[in-house]
2 protein chains.
Amino acid sequence: MSDATRHPHAAMSGSGAGHTGERSADWLAQLPEGQIRQFDEGDVICRPDNHQNRIFLIQQGCVRICLSAEHKELTLGWLRPGSIYVTHTRAWVEALEPTRICSWPIERLTSMIAEAPELAIAAMREVGMMLHQATNLIEDLAFRPVDARLARYLLLERGTQNSDTIQLTGHTELLASLLGTSRQTLSTSINRMIKDGLLNKLERQQLQLLDIAALEALAQV
Amino acid sequence: MSDATRHPHAAMSGSGAGHTGERSADWLAQLPEGQIRQFDEGDVICRPDNHQNRIFLIQQGCVRICLSAEHKELTLGWLRPGSIYVTHTRAWVEALEPTRICSWPIERLTSMIAEAPELAIAAMREVGMMLHQATNLIEDLAFRPVDARLARYLLLERGTQNSDTIQLTGHTELLASLLGTSRQTLSTSINRMIKDGLLNKLERQQLQLLDIAALEALAQV
DNA sequence: TGGCTTCTGTCAGCTGGCTGACAGTCGAGC
DNA sequence: GCTCGACTGTCAGCCAGCTGACAGAAGCCA
């Protein structure tokens with residue numbers, strides 16, 4: 001796992017940075033040859049009716065993992081180079097930009113672990129990270145109003161990007177799907193915070209955090 | 001893992017029974033001696049500020065895993081004898097009835113896996129099950145109205161209990177916390193279904209499913 | 001059996017956020 | 001520079017579900 005691993009909900013936990021640091025890149029070096037595939041922006045890498053589970057390594061690009069129902073979509077998170085992903089029965093995986101992936105049938109995991117048991121610890125850690133991310137999302141959906149979700153996300157990104165100026169990934173609708181809300185509601189929330197002096201919009205997809213304390217108070221809800 | 005494993009959200013996926021069947025009880029036989037502890041009904045087994053992660057085996061009784069915030073509580077699920085659980089940073093674990101547990105520090109997992117790599121596969125499967133359960137809950141919270149959540153739960157229990165007469169676990173408030181709603185809303189939902197002829201209440205905590213097709217239609221939302 | 005506590009059903013008022021709609025802005029391509 | 005499509009902001013109406021409250025039923029214990 002490289003430090004390039006960046007997952008919105010994981011970073012929200014505040015322990016993301018420390019956790020990332022614990023990961024050993026030896027895991028990557030020990031992975032056997034897998035199936036390499038290239039995807040263009042917008043391509044579906046994996047859909048819910050895929051019956052063959054695979055384990056994926058993102059080599060290049062950025063992918064989004066999401067759930068959908070009727071006309072609604074929920075983003076579980078996104079992964080960047082160095083991230084591992086084990087397919088979910090009901091999740092979609094789509095490329096947000098041109099992406100290269102190396103993958104293995106899940107059945108190979110058994111032999112991979114038998115050959116190098118350290119792989120098991122790393123794989124457990126990865127699945128544990130996904131579970132942690134899922135827990136964050138559950139808490140958002142169950143307990144936090146949209147303002148709090150947004151504030152948490154922005155503070156997390158501030159930590160990850162090491163700057164008060166946040167570069168957002170994708171446009172409003174994508175971020176709304178990550179925060180479990182609608183585009184309109186997110187837009188309203190952002191613009192209310194701008195009006196209240198917590199944020200400044202430098203340009204589309206770029207926000208400046210002005211009042212960290214106020215954002216932290218909002219995020220505590 | 002024994003067939004006694006029963007987890008509400010897992011069973012909701014409809015693949016729960018099959019998944020249970022794949023598990024090998026050899027996993028249990030290979031587990032080393034751990035720390036045995038006994039808990040009374042209502043005892044907290046594990047709280048969010050516990051910094052030492054452990055891996056738990058439920059030997060007897062029933063435990064509930066939940067998240068809480070302000071005055072709200074969300075049940076992630078419950079576990080019965082034969083279930084394994086790896087502690088979450090932010091989850092509470094509480095005994096719903098007198099319970100016996102065997103546990104190990106999470107650090108022991110590494111040596112356990114080195115001694116018997118099959119343990120890794122079983123542990124991966126367990127964490128994967130938890131992730132699957134979390135995904136079910138996310139879908140409930142993000143996409144499904146309360147009626148649909150209740151219908152899904154009842155149909156799942158019907159499959160697990162192999163009967164049209166469902167024994168509920170705990171009283172209304174507990175089930176409401178599992179379905180991510182309030183006691184009042186759940187009570188209203190149940191009684192509307194009773195009035196509409198889908199359910200019959202035989203006694204507290206015991207419901208008879210009368211119209212499976214209507215419940216299935218509701219659950220599809 | 002009686003008293004007390006817990007559980008359940010029901011109600012009314014409220015609200016966070018959704019949804020559809022529309023106007024203005026921005027970016028990409030010619 | 002112009003056009004068109006995508007993105008963004010804003011608005012109004014609506015509603016699923018929450019919350020607090022209260023009454024009646026059920027369960028438990030002395």
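Letters go in sequence order (proteins before strands), and every chain restarts at 1. Computed from a prediction, not measured in an experiment: that's the story for all the values here.
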Close N/O contacts between protein and nucleotides 11-13 of chain D (under 3.5 Å):
none

I'd like a list of close polar pairs between nucleotides 13-17 of chain C and the protein, N/O only, cut-off under 3.5 Å.
{"from": "C:dG17", "atom 1": "OP1", "to": "A:Val146", "atom 2": "N", "distance (Å)": "3.0"}

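Regarding B:Asn191, its CG atom lies at a distance of 16 Å from the P atom of D:dG17, rounded to whole Å. Residue A:Leu199 contributes atom CG, which lies 15 Å from atom P of D:dT8 at whole-angstrom precision. At whole-Å resolution of the value, CD in B:Glu41 and C1' in D:dC28 are 14 Å apart. Rounded to whole angstrom, the span from the CD1 atom of A:Ile194 across to the P atom of D:dT8 amounts to 12 Å. If you measure from atom CD of B:Glu173 to atom C1' of C:dT5, you get 15 Å, rounded to the nearest angstrom. Between B:Leu186 atom CG and C:dG9 atom C1' the separation is 12 Å, expressed in whole Å. Distance CG (A:Leu174) to C1' (D:dT8): 15 Å, rounded to an integer number of Å. Between the CZ atom of A:Arg183 and the P atom of C:dT25 there is a distance of 16 Å, rounded to whole Å.
Side chain of A:Asp43 to backbone of A:Phe39: no donor-acceptor contact under 3.5 angstrom is found. Checked by atom type and distance alone, the side chain of B:Arg149 pairs as donor or acceptor with a backbone atom of B:Leu179 at under 3.5 Å. Looking only at distances, a side-chain donor or acceptor of B:Thr188 sits under 3.5 Å from a matching main-chain atom of B:Gln184. Side-chain atoms of A:Lys72 come within 3.5 Å of backbone atoms of B:Ala142 as a donor-acceptor pair (strictly under, hydrogens ignored).
In this structure the side chain of A:Leu202 reaches within 4.5 angstrom of the side chain of A:Asn200, judged on heavy atoms.
Dashed line: the shortest gap from a side-chain N or O of A:Thr172 to OP1 or OP2 of D:dT8 is under 4.0 Å. One finds a side-chain N or O of A:Lys201 lying less than 4.0 angstrom from the OP1 or OP2 phosphate oxygen of D:dG9.
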With side-chain contact (heavy atoms from CB on, under 4.5 Å) as the criterion, how do A:Leu154 and A:Leu207 come out once you've worked through the C-alpha distance, each side chain's angles and the decisive distance to 0.1 Å? CA-CA 9 Å; A:Leu154 293 175; A:Leu207 288 174; 4.0 Å; yes
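The distance from atom CG of B:Asp40 to atom OG1 of B:Thr99, rounded to the nearest 0.5 Å, is 9.0 Å.
Contact of A:Arg192 with D:dG9 (side chain to base): no donor-acceptor pair of N or O atoms is detected under 3.5 Å.
If you check every strand for non-hydrogen atoms under 4.0 Å, A:Lys195 touches nothing.
Between B:Arg64 and B:Glu73 there is a salt bridge, since a side-chain N of the basic residue sits under 4.0 Å from a carboxylate O of the acidic one.
The side chain of A:Arg204 sits closest to D:dT8 out of C:dT19, D:dT8, D:dG9.
Taking every heavy atom of both residues into account, B:Gly34 and B:Cys102 meet most closely at CA-SG, 3.7 Å.
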